[in-house]
There are 2 protein chains.
Amino acid sequence: MPLEIERKFLVKNDDWRKLATGVIYRQGYISRTPEKTVRVRVVGSQGYLTIKGKTIGRSRAEFEYLIPGEDAEEMLATLCEKPLIEKTRYKLIQGELIWEIDEFLGENQGLIIAEVELKNENQVIELPAWLGQEVTDDPRYFNANLVTNPYRNWQ
Amino acid sequence: MPLEIERKFLVKNDDWRKLATGVIYRQGYISRTPEKTVRVRVVGSQGYLTIKGKTIGRSRAEFEYLIPGEDAEEMLATLCEKPLIEKTRYKLIQGELIWEIDEFLGENQGLIIAEVELKNENQVIELPAWLGQEVTDDPRYFNANLVTNPYRNWQ
């Protein structure tokens, strides 16, 4: 089974910005429960349809397919829960690791999350100095949960 | 938007059988609400992932993608509600129309539904003599509803 294993952190300063380039991601959920989510995403003109299973520890099953951007836009507009999640995703390569830093827009503006994908649950990684608190296990930071409880409501 | 427009009927005899050839379909639902369903289907070694919107009259939005059969089997086993829907689908061409006749297995054994896809909601079609009662508008016959209330429970 394809597995996604990742760790998530907040950031404590802007030192990552000078090294990273960003692309706008727009996404929404056709279905989201703790057991499984069905996500539609648009990046540029490309659409993605992604099914994820339940998160257990740092892992979850993930099935992702390329779909026409036009279909994805249609599903975001008509089938996905609002508000949609919009963010700029920055990528930053450090040694063998690829850090993805999501700077959220709209209802989640102000929130920045850095994620790294691991090869296995126990992989030891070097943590860059700009990383803040780890939030891997905090469900408030799941993108699917930012739909109903956006960051703007936390303060 | 891609639309599916169809009519559904019961059958009143077996006259359709001598003209049709059948293939086993196995399918399950990752999500199903009256507003939208996410269906996984396996036919032979091919997988399909299908998102459908709300049925309005005889129409609903439908987005369907080919996926690896292996992924589909994995999702049927781990992410889809049980029981799965299993049926033999027969195809029968009559003039311009393609009739799909589903003979259900397992929990829905005994149920046979004939479906035809239309070009528009008001297309006039010739009804074969073996067709029984029309059930287009009866939600009990939606495949998604046969998961929680299979035909075996109706009697």
If you tally heavy-atom pairs under 4.5 Å against chain A, which of Val38(B), Leu49(B), Ile30(B) wins? Ile30(B)
Could you report the tightest heavy-atom contact between Glu35(A) and Leu79(B), atom names first, then the distance? O-CD2, 4.5 Å
Are Tyr25(A) and Ile67(A) in one and the same hydrophobic cluster, where Ile, Leu, Val, Met, Phe, Trp and Tyr link if side-chain heavy atoms are under 4.5 Å apart? no
Check whether Ile113(A) and Leu105(A) end up in the same hydrophobic cluster, where Ile, Leu, Val, Met, Phe, Trp and Tyr are linked by side-chain heavy atoms less than 4.5 Å apart. no
State, to 0.1 Å, how close Phe63(A) and Glu74(B) come at their nearest heavy-atom pair, and which atoms those are. CZ-CG, 3.6 Å
Just wondering, are more than 12 heavy atoms of other shown residues or ligands nearer than 6.0 Å to CD1 in Ile98(B)? no
Should we say atom CD of Glu81(A) is surrounded by more than 12 heavy atoms from elsewhere, each under 6.0 Å from it? yes
